[in-house]
Amino acid sequence: MTHEWLTQLAQAALVLGLAPLLSGVTRKIRARLLRRQGPSLVQPYRDLLKLIRKEAVIAENASWLFRAAPYVIFATTWVAAALVPTFATGLMLSASADLIVIVALLGTARFLLALAGLDVGTSFGGIGSSREMMFASLAEPAMLMAVFTLSLFAGSTELSSISAYMLGPNAGVSISLALALVALVIVTIGENARIPVDNPATHLELTMVHEAMILEYSGRHLAVIEAAASLKLLLYLSLIACVFIPWGTALSGAGALAYAIGLGAYAIKLAALAFLLVMFETATAKMRVFRVPEFLGVALMLGLLGTIMLFVSRVSR
Amino acid sequence: MTSLDSDIAHLLAGSLVLVSFVLLYQDRMFALLNFFAVHACVLALSVGWQAYLQRAPHLFITALIALLFKGVIIPVALHRIVVRLGIHRTIESVVSIGPTMLFGMALVALSVVVMLPVTQSAGAFVREDLAFALSVVLLGFLMMVTRRNAVSQVIGFMSLENGLVLAATGARGMPLVVEISVGFSVLIAFLVVGIFLFRIRERFDTVELQALDMSRGESA
């Protein structure tokens, strides 16, 4: 029991510490691919420290919700990120919190962010919130369909069990898994405001979604929201790594060596996924806002198709 | 047949359905032609894998025909036709992409629901192959129904034919003579259609098939 608690706490600390580094790594790779030098890898940490020290300017007509939302968003995202097995399975909370809980936690964070965007009453916040909700109405079902495909395939909604099933001899190659993977990748791109959907590095009013909602935030509130955004990216990448490339993850009750291997494997997987993500981002152009629902609709369709095909492949098993 | 073998066959047949969806989704001419070539290549891979599993050398010839005719010759020729007709614009589909996709999903579900109970006596492997083949055929039909442009209707027809080949290979293969004659008849059909495309354009100055309704006196 203490063992599982320790793993869970270590995991929570790990994701919190690692998330800004992941943002730094993606920015660095992107800059290098564009033949720029790029900021240092620890720049996101410095940004966060700077923002925390600064004064938080709040609009006159902001309500208590505007001040409370950043902390709740951060807390729910952090808990969700801590629930995904990163370097070791067998976490304390994995029995009580499965994939659907993770989706629900992220949904709560999104709800509060959209409310906070509307709260001050500026037009940008409103635009951002309405767009975010439009995308979410497709991205969330798509995520759930991918989750259903995985759960039906592995016979469990718990991430630890799914990961263990994938490592086991019964998994094999399946078209449903491939479809779920592509759906999950599209949702990852859409949810984290990466390039074909949204550009996190600009403030161009015609296209921005995520930045528009947090335009009124400053100081420590902004720092907390930025931290939550990088945690969310880490969460999605860890989720893909945990389910589709589970090799090297330490099983519960393994020795210290297994944990060290698990940590190393996790770092390699994250770096590889970040590289692939940035490669994709560099190679594609930002799409028009009204094309995004089509893009996310594809993810929903793939998830649905994966589930249907799973019933076909059940025949031969 | 080991579990991995059938998994790979399943993967390839499923990918064919997936590429059919990609064809439905494409709204640009050249992308459509390129994905049709991909469709044929996936079919060739799938048939080739079946040939290896069933130890049936004549299926390799089927795969080769698919790869050569539908993977290379027809896409290249259509590419040239499209350039000569000067229609590398956006395809107009009658129904927009979202509902088309949903309808396609429903067709896949339908073919699974229909095929699995009907083929109870057959082996598990043939059953899933037939289910996928039927979905590819239905998606080809859907494409022919939803598109207005003659070239994309041709693509829909050819992808439908790919589905038939998939069905035939799953069911212990069809005789080689039949296979070769089907391959050639597709080529002939393609030639006829190619000539017709130019005739239609000469007559109506467009390859949108709505123009044909006018000559039938159906709509203004």
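Hydrogens, waters and symmetry mates play no part in the numbers below; they use all other heavy atoms, side chains included. Computed from a predicted structure; not experimentally measured.
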Counting heavy atoms not belonging to B:Tyr52, are there more than 12 under 6.0 Å from its OH? no

Engaged part of A:Leu302 at the chain B interface, taking heavy atoms whose separation is under 4.5 Å: side chain

Is it true that, when you exclude A:Met279 itself, more than 12 heavy atoms of the residues, nucleotides or ligands shown sit nearer than 6.0 Å to its CE? no

Which heavy-atom pair separates B:Tyr25 from A:Phe295 by the least distance, and what is that distance? OH-N, 4.5 Å

Hey, what do you get for CE (B:Met105) to OG1 (A:Thr307), rounding to the nearest 0.5 Å? 8.0 Å

Looking at every heavy atom in both B:Val108 and A:Ile308, which two are closest together, and how far apart are they? CG1-CG2, 4.1 Å

In the structure I gave you, are the side-chain heavy atoms of A:Met309 and B:Phe132 within less than 4.5 Å of one another anywhere? yes

Toward chain A: residues of residues 37-50 of chain B with heavy atoms under 4.5 Å: none

Neighbours of chain A found in residues 14-24 of chain B - heavy atoms under 4.5 Å: B:Gly14, B:Ser15, B:Val17, B:Leu18, B:Phe21

Could you state the interatomic distance from CD1 (B:Ile8) to OG (A:Ser174), rounded to the nearest 0.5 Å? 12.0 Å

Counting only heavy atoms closer than 4.5 Å, note whether A:Leu177 contacts chain B via side chain, backbone, both or neither. neither

Residue A:Phe244 excluded, over 12 heavy atoms near CZ under 6.0 Å: yes

